[in-house]
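Structure first, then comments.
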Amino acid sequence: VKSEGPKLVPFFKATCVYFVLWLPTSSPSWFSALIKCLPIFCLWVFLLAHGINFLVSHRSASRILAGLIFSAVGDAFLIWQEQGYFIHGLLMFGITHILYSSAFGMKPLDLKAGLLMGVVSSSCYAFLYSYLSGPFTYLVAVYIALIGFMGWRAVAGVQLCNDLWTWTKLSACVGAMLFMVSDLTIALNEFCFPVPYSRLIIMATYYAAQMLIALSAVETRDEEDFRKRS
């Protein structure tokens, strides 16, 4: 992690720029979209800096990069959500969660973690259900299922009780949980009631989540190289 820290400096600077400018959501523009997406662009560069060969040979890393690309497109759509692009953003982030789930893999299975995540996801949807109408009744259900599945795969990889966890998996797990907090805040603020400091909560947890998930992709390289040497 220490060796990768300096490579994340542009990401931290871009995140600071976003929060310093604090562009109003009521005035969507290509400039505000650029500023919002800039930290994610920096995470693209962060992964690409490790070389194309690294991304090609490590499928989990390439899938996380693809997820970051769809995330940036989703961010851009959400800038114009009041103009009818909220569903487009939802779709882009749905694809992102599929890619992240694929990157995290299906081993170990850990059905207990899956059951827990299923209960949490079902409870969230049950609470939101009465506030939803039209296509959102079904779209939100599918989205919650996708992010819940992604969260399950991230949590399942940690295996703290069996002392099989790695910093790679812990980073992915914390990132997935923060992503869920960010999206739940969006859902509450969009469909239910105004959430105090919603934008700060949404964007702070979102950027932290994306950084941790991107970092877990790079950590995977060290883990797999170690296994090869062993």
Scanning both residues in full, the closest heavy-atom pair of Ala154 with Cys173 reads O-CB, 3.7 Å
Tightest non-hydrogen contact, residues Thr185 and Ser198, listed as CG2-O, 4.2 Å
Query raised in the report: Relative to the ring of Phe54, is the ring of His50 parallel (under 30°), tilted (30 to 60°) or perpendicular (over 60°)?
Result: tilted
Taking every heavy atom of Cys37 against every heavy atom of Ala72, the minimum-distance pair comes out as SG-O, 3.3 Å
task = Go through Ser123 and Val119 one step at a time and tell me if the side chain to side chain contact (heavy atoms under 4.5 Å, CB included) criterion holds.
result = CA-CA 6 Å; Ser123 299; Val119 170; 4.2 Å; yes
To the nearest 0.5 Å, atom CD1 of Ile213 lies from atom CG of Leu99 at 11.5 Å
Derivation and outcome, ring pair (Phe, Tyr, Trp, His ring centres under 6.0 Å), residues Tyr18 and Tyr207
CA-CA 11 Å; Tyr18 172 81; Tyr207 286 140; 5.6 Å; yes
Checklist line | Worked check of side chain to side chain contact (heavy atoms under 4.5 Å, CB included) between Phe136 and Ile87 | finding: CA-CA 8 Å; Phe136 285 111; Ile87 292 179; 3.8 Å; yes
- Taking it one step at a time, do Arg199 and Trp22 satisfy side chain to side chain contact (heavy atoms under 4.5 Å, CB included)? CA-CA 10 Å; Arg199 191 174 177 209; Trp22 207 249; 3.7 Å; yes
dist Leu188:CG -> Tyr131:OH (nearest 0.5 Å) comes out at 9.0 Å
Counting only heavy atoms not in Tyr125, do more than 12 sit closer than 6.0 Å to its OH atom? yes
Q. Does the pair Leu128 and Ile144 meet the rule for a side chain to side chain contact (heavy atoms under 4.5 Å, CB included), with working shown?
A. CA-CA 11 Å; Leu128 293 170; Ile144 289 178; 3.9 Å; yes
Is any side-chain heavy atom of Gln210 less than 4.5 Å from a side-chain heavy atom of Phe11?
-> no
CE (Met203) and NZ (Lys36) are apart, to the nearest 0.5 Å, by 5.0 Å
Exercise for the section: May I ask you to check whether Ser29 and Ser32 show a side-chain donor-acceptor distance below 3.5 Å? Expected result: yes
Can you check whether Leu21 reaches Val17 side chain to side chain, under 4.5 Å on heavy atoms? yes
Count I, L, V, M, F, W, Y as connected when their side-chain heavy atoms are under 4.5 Å apart, and connections chain through other members. Are Ile52 and Trp44 then in the same cluster?
yes
**Request:** Give a yes or no on whether Met92 and Trp30 share a hydrophobic cluster (residues Ile, Leu, Val, Met, Phe, Trp, Tyr; joining criterion: side-chain heavy atoms under 4.5 Å apart).
**Result:** yes
Quick one, Tyr143 with Asp183, criterion side-chain hydrogen bond (donor to acceptor under 3.5 Å, both in side chains). Give me CA distance, side-chain angles, the key distance, then yes/no.
CA-CA 10 Å; Tyr143 187 85; Asp183 281 358; 2.3 Å; yes
Common cluster, Leu111/Phe149, ILVMFWY with side-chain heavy-atom separation under 4.5 Å: yes
query = Are any of the side-chain heavy atoms of Phe46 and Met211 separated by less than 4.5 Å?
reply = no
- Quick one: do Leu116 and Phe127 end up in the same hydrophobic cluster if we chain Ile, Leu, Val, Met, Phe, Trp and Tyr together by side-chain heavy atoms under 4.5 Å apart? no
**OP:** Find out whether Val181 and Ile202 are in side-chain contact, i.e. whether some heavy atom of one side chain is under 4.5 Å from a heavy atom of the other.
**Re:** no
(message) Assigning hydrophobic clusters by single linkage (Ile, Leu, Val, Met, Phe, Trp, Tyr; side-chain heavy-atom cutoff under 4.5 Å), is Ile186 placed with Phe193?
(response) yes
task = Indicate the ring-plane relationship of His97 and Phe93, choosing parallel, tilted or perpendicular according to the 30° and 60° boundaries.
result = tilted
Open item on the list: More than 12 heavy atoms of other residues, nucleotides or ligands under 6.0 Å from OH of Tyr129: yes or no?
Closed with: no
Heavy-atom nearest pair, Ala33 first then Ile79, reads CA-CG1, 3.9 Å
Would the distance check show the side chain of Ser171 and the main-chain N or O of Leu212 forming a donor-acceptor pair, the cut-off being under 3.5 Å?
yes
Rounding to 0.5 Å, atoms CG (Leu90) and CG (Leu146) come to a distance of 9.0 Å
Nearest heavy-atom contact between Ile201 and Pro196 is CD1-O, 3.7 Å
Review point. Considering only heavy atoms from C-beta outward, does the side chain of Asp75 approach that of Tyr206 to under 4.5 Å?
Key: yes
Taking every heavy atom of Gln83 against every heavy atom of Pro28, the minimum-distance pair comes out as OE1-CG, 3.8 Å
- Message: Could you tell me if the side chain of Pro39 sits less than 4.5 Å from the side chain of Leu43, heavy atoms only?
- Response: no
So CD of Glu190 and CG of Leu78: to nearest 0.5 Å the spacing works out to 9.0 Å
Just so I know, are the side chains of Leu115 and Trp152 near enough to count as touching, which here means a heavy-atom distance under 4.5 Å? no
Stepwise ring pair (Phe, Tyr, Trp, His ring centres under 6.0 Å) test for Trp80 and Phe77: CA-CA 6 Å; Trp80 284 276; Phe77 277 129; 8.6 Å; no
Item to complete: Indicate yes or no: at least one non-hydrogen side-chain atom of Leu68 is less than 4.5 angstrom from one of Tyr100.
Response: yes
Report task. Determine whether the side chains of Ser101 and Arg153 contain a donor N or O and an acceptor N or O closer than 3.5 Å. Result -> no
Here the gap from Thr168 atom OG1 to Leu215 atom CG, rounded to the nearest 0.5 Å, amounts to 8.0 Å
Quiz item: Does Ser121 use its side chain to pair, donor to acceptor, with the backbone of Met117 at less than 3.5 Å?
Solution: yes
